[in-house]
Amino acid sequence: METRYNHKEIESKWLENWNEQENFKPSNMGAEHFSIVIPPPNVTGALHLGHALNNTIQDILIRYNRKLGKNTLWIPGTDHAGIATQAVVEKRLLQEEKKTRHDLGREELVKRIWKWKDEYEARITNQLKSLGASCDWSKQRFTLDPICAKAVRYAFFNLFKKGLIYRGKRLVNWDTHLRTAVADDEIYHETVKGHFWTFKYPLADGSGYIPVATTRPETILGDTAVAVHPEDERYKKFIGKTLLVPFVNREIPVIADAVLVDMDFGTGSVKVTPAHDPNDYETGLRHKLPMLNILNEDGSLNENAGEFKGLKGEKARAAVVEGLEKQGLLLKVEDHEMQIGKSDRPKTVIEPYLSDQWFVKMDALAERAMQAVESGEVKFTPARYAKNYLNWLGEKRDWCISRQLWWGHQIPIWYASARPNINRSDIHCCQTENGDWLLCSLEEDLDENSIEGLKLVRDPDVLDTWFSSALWPHSTMGWPGETDDLKNFYPTSVLVTARDIISLWVARMVIFSQENMGEIPFSNVYINPTILDGSGRRMSKSHGNGVDPLDIIEKYGADSLRFVMCSVCTENQEARLPVKKEKLEDGREINVSEKFEIGRNFGNKLWNAARFLKPYITDIGHGTLDMGQEKSGKSENRGYRGSDNLEDKWILSKLNTVVKETQAALENYRFSEYASLIYHFVWDDLCSRYLEIKKGEISKESSALLSHSLYTVLDLLHPIMPFITEELNAILFPNSERVILREWPSADESLINAEIEKQFEEIFAIVEAIRSVRGRYSIAPAQKIAAVVHTAVNLESCKSMITDLSGLSSFEFGENLPKPAFSANAVISGGEVFVPLEGILNKETEIARLKKEIEKAESFIVSLNKKLSNENFVKGAPAAIIEGEHQKLATQRDIVEKCKAALEELFT
RNA sequence: GGGCAAUUAGCUCAGCUGGUUCAGAGCGUCUGCCUUACAAGCAGAAUGUCAGCGGUUCGAAUCCGUUAUUGCCCACCA
């Protein structure tokens with residue numbers, strides 16, 4: 001074995017091994033199932049550390065449950081991410097070929113996107129595999145593949161048939177660049193400096209005007225009313241009168257509306273543009289106003305804008321303002337900060353736009369999904385995120401599911417030229433609110449002449465990406481087929497995801513599962529923290545601050561990456577991860593971070609412990625651990641009881657504690673705690689203490705116990721660090737089952753002994769006291785020193801341990817030994833340690849130290865006394881606490897007494 | 001505007017049910033060590049008004065209120 005753990009060949013070796021043995025496939029049919037579906041990463045780009053975190057957690061859960069003997073399945077896959085992916089490809093098309101999608105046409109563009117998808121799906125898959133994700137790769141899915149497409153068809157058809165999907169003209173967020181509707185949640189708002197223009201809205205009879213203010217003057221052209229507050233004395237007289245829209249001279253009414261108008265804001269009068277503003281739209285509905293669309297799909301003004309037709313954006317605005325000024329209608333211009341909506345993907349301005357769209361009626365669906373969480377059937381961890389879910393669903397807003405894109409599931413709807421007269425169970429017909437006849441086809445794509453006597457035209461729109469994502473847990477398992485996977489693995493056990501898609505995705509999966517499967521898709525939702533970069537921004541593909549996990553894996557190894565990801569997974573909602581660039585020998589530049597050294601160093605520590613112990617290992621994989629220990633019978637090596645040595649009992653107590661606590665941590669999604677428990681057990685208890693005690697001379701008995709401990713550690717650590725644990729297992733216990741499949745250890749509670757642990761700590765305190773003296777006088781380890789301990793405890797059995805660990809030339813203990821001259825002292829529980837240092841001892845150093853210690857203890861005594869003389873404390877606090885305080889007081893008094901004595905001696 | 005969170009050592013963060021097992025870890029810093037597993041290591045050490053203010057309590061980093069700063073989510077005023 002090399003002195004340093006080298007992850008490179010080892011990782012690929014085990015990936016191959018697990019793969020060959022098909023260990024990632026379900027292997028325990030009939031047992032209780034444990035299944036997860038991956039949150040499918042978008043094929044817009046490669047994965048970053050946020051995904052690494054998310055997938056590490058899933059893999060930890062999968063590997064842990066696999067070791068528990070459950071029938072385990074983790075389904076991998078990717079998401080087509082409609083708008084995002086199309087935007088990325090279109091952007092590249094423009095950059096590299098100076099072409100738009102219209103130059104290519106639908107078919108060709110979609111072909112290009114598929115190519116992109118293939119490339120990124122491969123990259124993503126490779127990233128996940130490198131991470132060690134134990135997904136069943138034979139079941140990998142893509143949201144646009146035929147299996148998922150079928151599910152989408154069925155889900156759509158069923159909802160349509162039930163009347164839960166409808167088509168209507170609605171005001172939507174219109175992306176003028178991509179020429180598609182986008183969802184509310186695909187938009188972000190940006191504060192920009194704009195202006196607030198006040199102008200005269202002339203009365204049709206020429207008798208005057210109403211002053212109206214706006215931030216978007218070009219929308220004047222689409223005004224169909226001006227609203228004032230019904231109680232507003234200034235404007236009451238105008239209500240019902242008619243105004244003339246400047247430039248186009250359309251007549252519009254003055255209406256009274258208390259909802260829209262705030263008397264105290266601006267001029268107290270509002271122009272109403274129902275086709276281009278959400279609030280105005282609502283107002284338009286209330287007053288049955290015409291909805292006048294003044295925009296083309298690309299955002300330019302259309303023929304309704306008269307002389308301004310063809311102008312776009314800022315130009316249109318400037319032209320309208322100029323026109324108003326020329327006509328003497330402009331009253332004033334003020335600076336004004338406002339929020340404008342921009343599309344998530346290419347950062348283009350979003351216009352509210354009236355268009356025909358498809359919607360899902362959310363009312364009843366949302367209600368049922370809320371109940372699943374309210375009743376506790378679906379449980380969030382951390383629990384606070386349930387609020388997030390409930391608040392969003394509570395709004396019950398209808399879901400706009402159509403997108404005017406080319407990349408996605410095309411809506412299975414055909415417009416018929418006349419009223420269809422067919423009777424087929426796989427085709428459902430209905431009439432829309434504006435009288436069109438529609439056909440929805442369950443299985444087959446209809447062509448123009450599929451139905452006799454009708455001309456059919458397919459709806460060009462595709463579905464919102466989240467429509468297929470919402471089906472993910474059951475579509476991946478083959479719904480609507482009655483598959484074995486659904487039978488064996490549905491509902492899934494837990495969903496591990498990020499908090500920003502609780503509403504977009506989690507809520508909709510619950511809805512669709514309830515609708516299609518009649519049950520919830522998962523009973524637990526674990527929300528993992530968000531990874532932020534060094535400056536506190538969320539790591540994401542669109543920010544461009546993503547760090548490729550492969551960089552980290554290359555430099556530190558996948559195990560290190562996983563260990564740190566697990567450590568970072570606390571109940572907090574974010575985790576900051578500063579990275580820096582580093583140039584490799586081959587000239588490539590990768591991201592590195594000293595954070596990952598924790599994992600790497602830990603792996604190395606374990607590696608070296610194993611390397612050291614290798615010659616002494618008892619291969620307990622075959623039950624050759626014959627040290628006279630009892631066997632629990634459950635598993636060949638478990639239940640080892642060790643000898644009567646204090647340190648042996650101590651390490652067994654610690655070992656069984658860590659087994660118990662790691663399991664509890666895992667069961668409660670306390671990943672950071674899990675990592676920390678195993679880390680400190682290995683490093684502090686097993687290596688720094690137990691191994692150091694034993695390493696001078698390793699007896700047969702010691703080797704058995706060390707083997708047992710190490711063997712168990714490999715099991716406990718495997719879910720976090722699968723590669724190194726598997727490798728070490730192969731080296732140390734070549735005859736045992738591989739760690740991936742081997743049974744998870746169970747704690748023997750009878751070996752957990754607090755009294756033993758306390759005794760051990762007290763004795764170890766002697767070692768630490770002597771080491772501290774060494775440190776104080778910079779005595780090299782090679783230089784042996786003597787020590788005398790005043791204590792009533794018989795330390796005979798611990799003599800060699802104390803001698804070895806403290807580098808002693810002689811060691812005496814007893815109750816009535818004389819104090820050695822020129823000695824440094826240290827107070828321990830029930831005694832005192834003396835280290836004679838003739839010729840080395842520095843009086844000033846000791847005096848200063850003792851004074852400081854006395855001072856510290858005395859101030860502690862003061863606060864303890866204060867507490868204990870407080871009647872309310874004595875009355876109110878539990879007896880155990882009070883007793884504890886008394887003991888502390890005794891200890892502190894002992895320290896003061898002994899230190900004072902030592903001080904006195906120094907002065908004589 | 002509504003909601004969720006954060007503020008603890010120079011940095012990144014733990015600290016679940018209030019009680020010096022609670023003031024911690026890793027990194028960094030200082031001192032001494034290539035001690036026969038590990039310098040990616042060993043031994044020792046230093047470092048904090050637990051953001052401010054108020055309250056509850058015998059007792060608060062921990063519970064409540066409030067202020068400040070920061071981040072995220074949701075909704076948005078012409």
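Naming convention: chains lettered A, B, ... in sequence-line order (proteins, then strands); numbering from 1 in each chain. Here the structure is a predicted model, which is why all the values come from computation and not from measurement.
- Residue contacts shown for A:Val212 are absent, as no nucleic acid heavy atom lies under 4.0 Å away.
- Using the six-membered ring where Trp is involved, A:Phe602 and A:Trp683 have ring planes that are parallel, under 30° apart on the 30 and 60° scheme.
- Applying the 3.5 Å distance criterion, the base of B:rA43 shares no donor-acceptor pair with the side chain of A:Glu768.
- A distance-only check finds no donor-acceptor pair linking the side chain of A:Arg600 to the backbone of A:Gly557 [under 3.5 Å].
- Checking the phosphate oxygens (OP1, OP2) of B:rG41, a side-chain nitrogen or oxygen of A:Asn601 falls inside 4.0 Å.
- Between B:rA75 and A:Arg397, a contact under 4.0 Å exists linking OP1 or OP2 to a side-chain N or O.
- Of all nucleotides listed (B:rC38, B:rA43, B:rA78), B:rC38 comes nearest to the side chain of A:Asn604.
- Across all strands shown, B:rA78 forms no Watson-Crick or G-U wobble pair with both key distances under 3.5 Å.
- Between the CZ atom of A:Arg774 and the P atom of B:rU35 there is a distance of 14 Å, rounded to whole Å.
- B:rU29 is paired with B:rA45 under the Watson-Crick or G-U wobble criterion, all donor-acceptor distances under 3.5 Å.
- Across every strand in view, B:rC4 sits in a pair with B:rG71 that passes the Watson-Crick or G-U test at under 3.5 angstrom.
- Between A:Lys605 and the phosphate of B:rC42, there is a side-chain N or O to OP1/OP2 separation shorter than 4.0 Å.
- Taking the six-membered ring wherever Trp is involved, the centroid distance between the rings of A:Phe764 and A:Phe760 falls below 6.0 Å.
- Counted by atom type alone, A:Arg286 and A:Thr283 present one or more donor-acceptor pairs between their side chains at under 3.5 Å.
- The 12-atom threshold is not exceeded at NZ of A:Lys379, counting heavy atoms of other residues, nucleotides or ligands nearer than 6.0 Å.
- Here A:Trp197 lies out of heavy-atom contact (under 4.0 Å) with every strand.
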Kindly indicate, with the supporting measurements, whether the criterion side chain to side chain contact (heavy atoms under 4.5 Å, CB included) is fulfilled by A:Asp685 and A:His680.
CA-CA 7 Å; A:Asp685 297 335; A:His680 288 289; over 6 Å; no
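- The nearest whole Å value for the distance from the CG atom in A:Asn668 to the C1' atom in B:rA14 is 17 Å.
- Here B:rA37 presents its C1' atom at 13 Å from CD1 of A:Ile731, a figure rounded to the nearest Å.
- The gap from the C1' atom of B:rU66 to that of B:rG28 amounts to 37 Å, rounded to the nearest Å.
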So which protein N/O to nucleotides 2-4 of chain B N/O distances come out below 3.5 Å?
residue, atom, partner, partner atom, Å
B:rC4, OP1, A:Lys387, NZ, 2.7

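- A:Glu853 has its CD atom 15 Å from the C1' atom of B:rA46, to the nearest Å.
- Base engagement by A:Gly268 is indicated by at least one non-hydrogen atom pair under 4.0 Å involving a base atom.
- Base pairing annotation: B:rA14 forms no Watson-Crick or G-U wobble pair, as no partner gives both donor-acceptor distances under 3.5 Å.
- Within a 6.0 Å radius of CD in A:Glu667, more than 12 heavy atoms belonging to other residues, nucleotides or ligands are found.
- One interatomic measurement links the two molecules: CZ of A:Arg499 to C1' of B:rA6, which rounds to 11 Å at whole-angstrom precision.
- Ring centroids of A:Phe596 and A:Phe563 are separated by 6.0 Å or more, keeping the two rings apart.
- At the heavy-atom level, A:Arg537 lies nowhere under 4.0 Å from the strands shown.
- If you take CD1 of A:Ile598 and P of B:rC11, they are 16 Å apart, rounded to a whole angstrom.
- With 3.5 Å as the limit, one finds no donor-acceptor pair spanning the side chains of A:Glu574 and A:Thr530.
- For B:rU20, the base is stacked against the aromatic ring of A:Phe860, per a cut-off of 5.5 Å between centres and 30° between planes.
- For A:Lys695, a side-chain nitrogen or oxygen approaches OP1 or OP2 of B:rA37 to under 4.0 Å.
- Applying the Watson-Crick and G-U wobble criteria (two distances, each under 3.5 Å), B:rC34 pairs with nothing in any strand.
- Note on A:Leu577: nothing from the nucleic acid sits closer than 4.0 angstrom, heavy atoms only.
- Of the residues near RNA chain B, A:Asp280 and A:Glu395, the one whose nearest nucleotide (by heavy atom distance) lies more toward the 5' end is A:Glu395.
- Distance noted for atom C1' between B:rG24 and B:rU8: 10 Å (whole Å).
- With a cut-off of 3.5 Å on both pairing distances, B:rA23 has no Watson-Crick or G-U wobble partner at all.
- Between A:Asp533 atom CG and B:rU12 atom C1' there is a gap of 14 Å when expressed in whole angstrom units.
- Side-chain contact between A:Leu577 and A:Leu532 is absent, with no heavy atoms from C-beta onward closer than 4.5 Å.
- Listed nucleotides: B:rC77, B:rA78, B:rU20. Nearest to the side chain of A:Asn279: B:rC77.
- Each of A:Arg611 and A:Val767 has a nearest nucleotide on RNA chain B; the 5'-most of these lies closest to A:Arg611.
- B:rG26 and B:rG41 have their C1' atoms separated by 15 Å, given to the nearest Å.
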